[in-house]
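One-based numbering along the sequence shown.
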Amino acid sequence: MPPRKKRRPSAGDDTSAKKSRQDSIFRKHETSQIREEETFSSKRCLEWFYEYAGCDDVVGPEGMEKFCEDIGVEPENVVMLVLAWKLDAQSMGYFTRQEWLRGMGSLRCDSTERLRNSLDYLRSVLNDGTNFKLIYRYAFDFAREKDHRSLDLNTAKCMLGLLLGKTWPLFPVFNQFLEQSKYKVINKDQWCNVLEFSRTINLDLSNYDEDGAWPVLLDEFVEWYKERQMS
């Protein structure tokens with residue numbers, strides 16, 4: 001069979017190729033414009049901060065309430081804890097200027113709209129086991145009074161409910177135990193061990209080792225729970 005002759009490009013082919021190149025250049029230009037518009041602006045972020053801080057260098061309780069309202073999130077929603085962790089905020093209910101700029105910069109958020117669009121991402125952070133543990137540990141220091149080494153019991157129960165209430169089936173029972181217990185505060189060792197307990201101990205507590213290195217708080221919870229089951 002004789003080899004096929006190469007077809008010479010027609011004028012129509014030249015026009016199509018030219019149009020394709022023009023479309024490609026236009027798409028690149030359009031993408032470049034979008035990227036330019038999406039560039040994070042420190043100036044815009046700072047102006048956004050002062051919408052809530054007023055004349056101060058910190059967003060306080062009143063500004064925080066307005067901020068939560070604007071982004072459509074309740075102050076007690078766990079996503080606010082994740083945001084505080086991202087900002088490395090040191091005090092509950094307050095965001096300093098430095099914390100805001102550093103944290104919002106890492107999130108590439110310089111407006112209410114951009115943060116709203118990032119809320120699903122912030123919620124998804126909790127699905128990663130390593131990040132969850134970091135946030136859980138952070139929550140203890142974030143929520144405690146800075147001149148105290150422990151969390152008061154009511155604050156601890158609220159924070160535990162926020163972090164474990166929807167994922168640990170035994171949380172409602174553990175919460176009842178805390179309410180009737182002698183404990184007035186929760187220290188950091190107890191706090192961290194509650195998370196470990198929730199992740200490793202069976203719901204029927206069958207694999208709980210009373211001779212293990214668990215804090216007395218959890219020994220007492222297990223004893224209390226088993227007595228309830230028997231009665």
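The structure places CD of E69 at 11.0 Å from OG1 of T112, a figure rounded to the nearest 0.5 Å. Atom CG in L178 sits 9.5 Å away from atom OH in Y183 (nearest 0.5 Å). Atom OG of S118 sits about 9.5 Å away from atom CG of L83, to the nearest 0.5 Å. Considering NZ of K184 and CG of N154, their distance stands at 9.5 Å, rounded to 0.5 Å. Between the CG atom of L151 and the NZ atom of K157 there is a distance of 12.5 Å, given to the nearest 0.5 Å. A distance of 5.5 Å separates CG in L107 from CG in L122, rounded to the nearest 0.5 Å.
Enclosure of atom CD in E51 by more than 12 non-hydrogen atoms of other residues, nucleotides or ligands within 6.0 angstrom is indicated. Heavy-atom neighbours of E47 CD from other residues, nucleotides or ligands within 6.0 Å: above the threshold of 12. The number of heavy-atom neighbours closer than 6.0 Å to CD of Q229, taken from other residues, nucleotides and ligands shown, is above 12. Other residues, nucleotides and ligands contribute more than 12 heavy atoms inside 6.0 Å of the NZ atom of K188. In the displayed structure, E220 atom CD is contacted under 6.0 Å by more than 12 heavy atoms of other residues, nucleotides or ligands. Within 6.0 Å of atom CD in E210, 12 or fewer heavy atoms from other residues, nucleotides or ligands are found, so the atom counts as exposed in its surroundings. More than 12 heavy atoms of other residues, nucleotides or ligands shown are found within 6.0 angstrom of NZ on K146. Crowding of E145 atom CD: a count of heavy atoms from other residues, nucleotides or ligands under 6.0 Å not exceeding 12.
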query: Which is it for L115 and D70 under the side chain to side chain contact (heavy atoms under 4.5 Å, CB included) test, yes or no, and what are the steps along the way?
result: CA-CA 10 Å; L115 183 56; D70 287 350; over 6 Å; no

*Step by step, work out the side chain to side chain contact (heavy atoms under 4.5 Å, CB included) result for R114 and R108.*
CA-CA 8 Å; R114 286 190 176 178; R108 312 309 289 166; 5.7 Å; no

| request: List the steps and the verdict of side chain to side chain contact (heavy atoms under 4.5 Å, CB included) for F140 and M159. | output: CA-CA 8 Å; F140 180 88; M159 297 303 287; over 6 Å; no

- Could you give me the CA-CA distance, side-chain angles and deciding distance for Y208 and W214, then say whether ring-ring contact (aromatic ring centres under 6.0 Å, His included) is met? CA-CA 9 Å; Y208 184 78; W214 298 105; 5.8 Å; yes

- request: Let me see the working for E74 and C68 under side chain to side chain contact (heavy atoms under 4.5 Å, CB included), right down to the final yes or no.
  value: CA-CA 6 Å; E74 293 293 329; C68 290; over 6 Å; no

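Across I186 and Q190, no two heavy atoms sit closer than the pair CA-OE1, 3.4 Å. Of all heavy-atom pairs spanning N202 and N207, the tightest one is N-OD1, 2.8 Å. Annotation for V73 and N77: closest pair CG1-CB, 3.5 Å, computed over non-hydrogen atoms. Pairing each heavy atom of D110 with each of T39, the nearest pair is OD2-O, 4.0 Å. Closest heavy-atom contact between R102 and D88: NH2-CB, 3.9 Å. Residues F49 and V59 approach most closely at CE1-CG2, 3.5 Å, considering heavy atoms.
Hydrophobic clustering of Ile, Leu, Val, Met, Phe, Trp and Tyr side chains at less than 4.5 Å, counting indirect connections, unites L170 with Y136. Linking Ile, Leu, Val, Met, Phe, Trp and Tyr residues whenever their side-chain heavy atoms come within less than 4.5 Å places V79 and M64 in a single cluster. V222 and I201 end up in the same hydrophobic cluster when Ile, Leu, Val, Met, Phe, Trp and Tyr side chains are linked at under 4.5 Å. Linking ILVMFWY side-chain heavy atoms closer than 4.5 Å, directly or via other members, places Y94 and I71 in two distinct hydrophobic clusters.
Under 3.5 Å, the side chains of Y138 and K133 contain no donor-acceptor pair of N or O atoms. No donor-acceptor contact under 3.5 angstrom links the side chains of S124 and N127, judged on distance only. A donor-acceptor pair shorter than 3.5 Å cannot be found between the side chains of Y225 and D204.
L195 is listed as a side-chain neighbour of F132, based on a closest heavy-atom distance under 4.5 Å. Looking at heavy atoms from C-beta onward, L153 lies out of side-chain contact with V185 at the 4.5 angstrom threshold. For the pair L46/R97, a side-chain contact is recorded, criterion being any heavy-atom separation below 4.5 Å from C-beta on. Between Q176 and R228 the shortest side-chain heavy-atom distance falls below 4.5 Å. In this structure the side chain of F177 reaches within 4.5 angstrom of the side chain of L217, judged on heavy atoms. For the pair L81 and L163, the minimum side-chain heavy-atom distance is below 4.5 Å. D57 is not listed as a side-chain neighbour of T96, based on a closest heavy-atom distance of 4.5 Å or more. Proximity of V78 to L126: side-chain heavy atoms (C-beta onward) are separated by under 4.5 Å at one or more points.
Outside the 6.0 Å centre-distance limit, the rings of W85 and F142 are not counted as a close aromatic pair. Ring centroid separation for the pair F174 and F221 comes in under the 6.0 Å cut-off.
Every pair passing ring pair (Phe, Tyr, Trp, His ring centres under 6.0 Å) that includes a residue from residues 58-78 is listed here, sequence neighbours excluded: Y52-F67, F67-W100.
For F171, the side-chain contact (heavy atoms from CB on, under 4.5 Å) partners are L160, W168, N175, not counting sequence neighbours.
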